[in-house]
Number of protein chains: 2
Amino acid sequence: MNIGDVARQSGVPPKTIRYYEDIGLIRPNRSENGYRAFTESHIHKLAFLGRARALGFTIEDCRTLLSLYEDENRESMQVKAVAEDHLRQIEEKIAKLQSMRATLAELVEKCAGDHRPDCPIIEDLSPERLAK
Amino acid sequence: MNIGDVARQSGVPPKTIRYYEDIGLIRPNRSENGYRAFTESHIHKLAFLGRARALGFTIEDCRTLLSLYEDENRESMQVKAVAEDHLRQIEEKIAKLQSMRATLAELVEKCAGDHRPDCPIIEDLSPERLAK
DNA sequence: ATTGACCCTCCAGTAACTGGAAGCCTCATA
DNA sequence: TATGAGGCTTCCAGTTACTGGAGGGTCAAT
């Protein structure tokens, strides 16, 4: 199977598939004409990678998860550890973003948004504290 | 003033200050010895940039905000537009992350995390649909 | 004269792709 | 059989916002 078919079936774009080969996530054979030759197994792996990336796992996490996916003797605690770690990081990001949102929302609400220059947003960003 | 002092007073690291000069956010003069020579005004701008970055504004947003900060004739609607846009993007990111978190939390909870290979996380990522 | 703390520039790397150029390969149609 | 569309190849560069490090001047004090 050529890269285009695999892209369609896995949902991973050709460019990304080539990139994944570059970094060693998948290792397709080559046909005589130089084209990459994929199997069903590659489609599965790529779809797996697509799902994992959609859940925000890093490429390195994906590498680990993929090897666990292929490992009949994996222990589920290995998988869980990766997922829990990732979950924690997501929660940190959410917390940070929510704090930004709170501040921003407040500033946006206070700003008249008219033709005058006075602006609580600019004021909040301004380091007047230093002048005081 | 040298870069170290400015870094301390603005909270922006020297490396970052140099980078901001590279991309034209600030334009310090030079002393005869080749050192950057900063003024109070630079400290204010850098502190402003630091605050804006902490709220997640992109560098390009910062460029805009900084020019509005310096513009006596700005209209607050210009500032508000930038902030509202940014706020929207933050909310999108939060939504995306929350959806990831929901899925991940569910999977993590369902995973036994023991020495057996069976794992709902791996199963969820696996493209069994394709096989069916 | 020699530390030690600054400062300088330039290069490379980070994360995960994405776009584009230049150039084969293949298949269907005229 | 020629041709044109579309698919495949590689390689290079750009994206975001820095950060680390090498190699090398500068300055103030001892």
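The structure displayed is predicted, hence computed values, not measured ones. Letters go in sequence order (proteins before strands), and every chain restarts at 1.
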Notebook entry, point to check: NZ of A/Lys93 versus P of C/dA15: gap in Å, rounded?
Noted result: 12 Å

Next item on the list: Send over the distance from B/Tyr19 OH to C/dC10 P, rounded to a whole Å.
Entry: 17 Å

Notebook entry, point to check: Taking CG from B/Asn2 and P from D/dC27, how many angstroms apart are they, rounded to a whole number?
Noted result: 9 Å

Margin query: Within the 4.0 Å heavy-atom criterion, would you say B/Phe57 contacts the bases, only the backbone, or no part of the nucleic acid?
Written below: nothing

Notebook entry, point to check: Are B/Arg18 and D/dT19 close enough that a side-chain N or O sits under 4.0 Å from OP1 or OP2?
Noted result: no

Checklist line | Euclidean distance, atom CD1 of residue A/Ile17 to atom P of D/dG7 [Å, nearest integer] | finding: 14 Å

Checklist line | Protein-nucleotide distance (B/Met1, atom CE; C/dC6, atom C1'), rounded to Å | finding: 16 Å

Notebook entry, point to check: What integer distance in Å separates B/Leu55:CG from D/dA17:C1'?
Noted result: 17 Å

Next item on the list: Please determine if A/Arg63 and A/Glu60 form a salt bridge, counting it only when a charged side-chain N lies under 4.0 Å from a carboxylate O.
Entry: yes

Check: For A/Arg53 and C/dT18, what is the distance between atoms CZ and C1' respectively, to the nearest whole Å?
Finding: 14 Å

Check: Side-chain donor-acceptor pair under 3.5 Å between B/Thr39 and B/His42, yes or no?
Finding: yes

Notebook entry, point to check: Is atom CZ of B/Arg27 surrounded by more than 12 heavy atoms (other residues, nucleotides or ligands) closer than 6.0 Å?
Noted result: no

Notebook entry, point to check: A/Thr16 side chain N/O closer than 4.0 Å to the phosphate oxygens (OP1, OP2) of C/dT18?
Noted result: yes

Note to self: Taking 4.0 Å as the cut-off, does a side-chain nitrogen or oxygen of A/Arg63 come that near to OP1 or OP2 on C/dA15?
What the structure shows: no

Item checked: Closest to the A/Asn33 side chain, choosing from D/dT10, C/dC25, D/dC8 -> C/dC25

Checklist line | Whole-Å distance separating the CG atom of B/Asp22 from the P atom of C/dA12 | finding: 16 Å

Checklist line | 5' priority, DNA chain D, between A/Tyr35 and A/Glu21 [closest heavy atom] | finding: A/Tyr35

Check: How many angstroms lie between CG in A/Leu55 and OG in B/Ser99, if you round to the nearest 0.5 Å?
Finding: 8.0 Å

Notebook entry, point to check: Does a side-chain N or O from A/Arg30 land closer than 4.0 Å to OP1 or OP2 of D/dC8, or not?
Noted result: no

Next item on the list: Indicate whether OP1 or OP2 belonging to D/dT26 is found under 4.0 Å from a side-chain N or O atom of B/Arg36.
Entry: no

Checklist line | B/Ile43 backbone acceptor or donor facing B/Ser10 side chain under 3.5 Å | finding: no

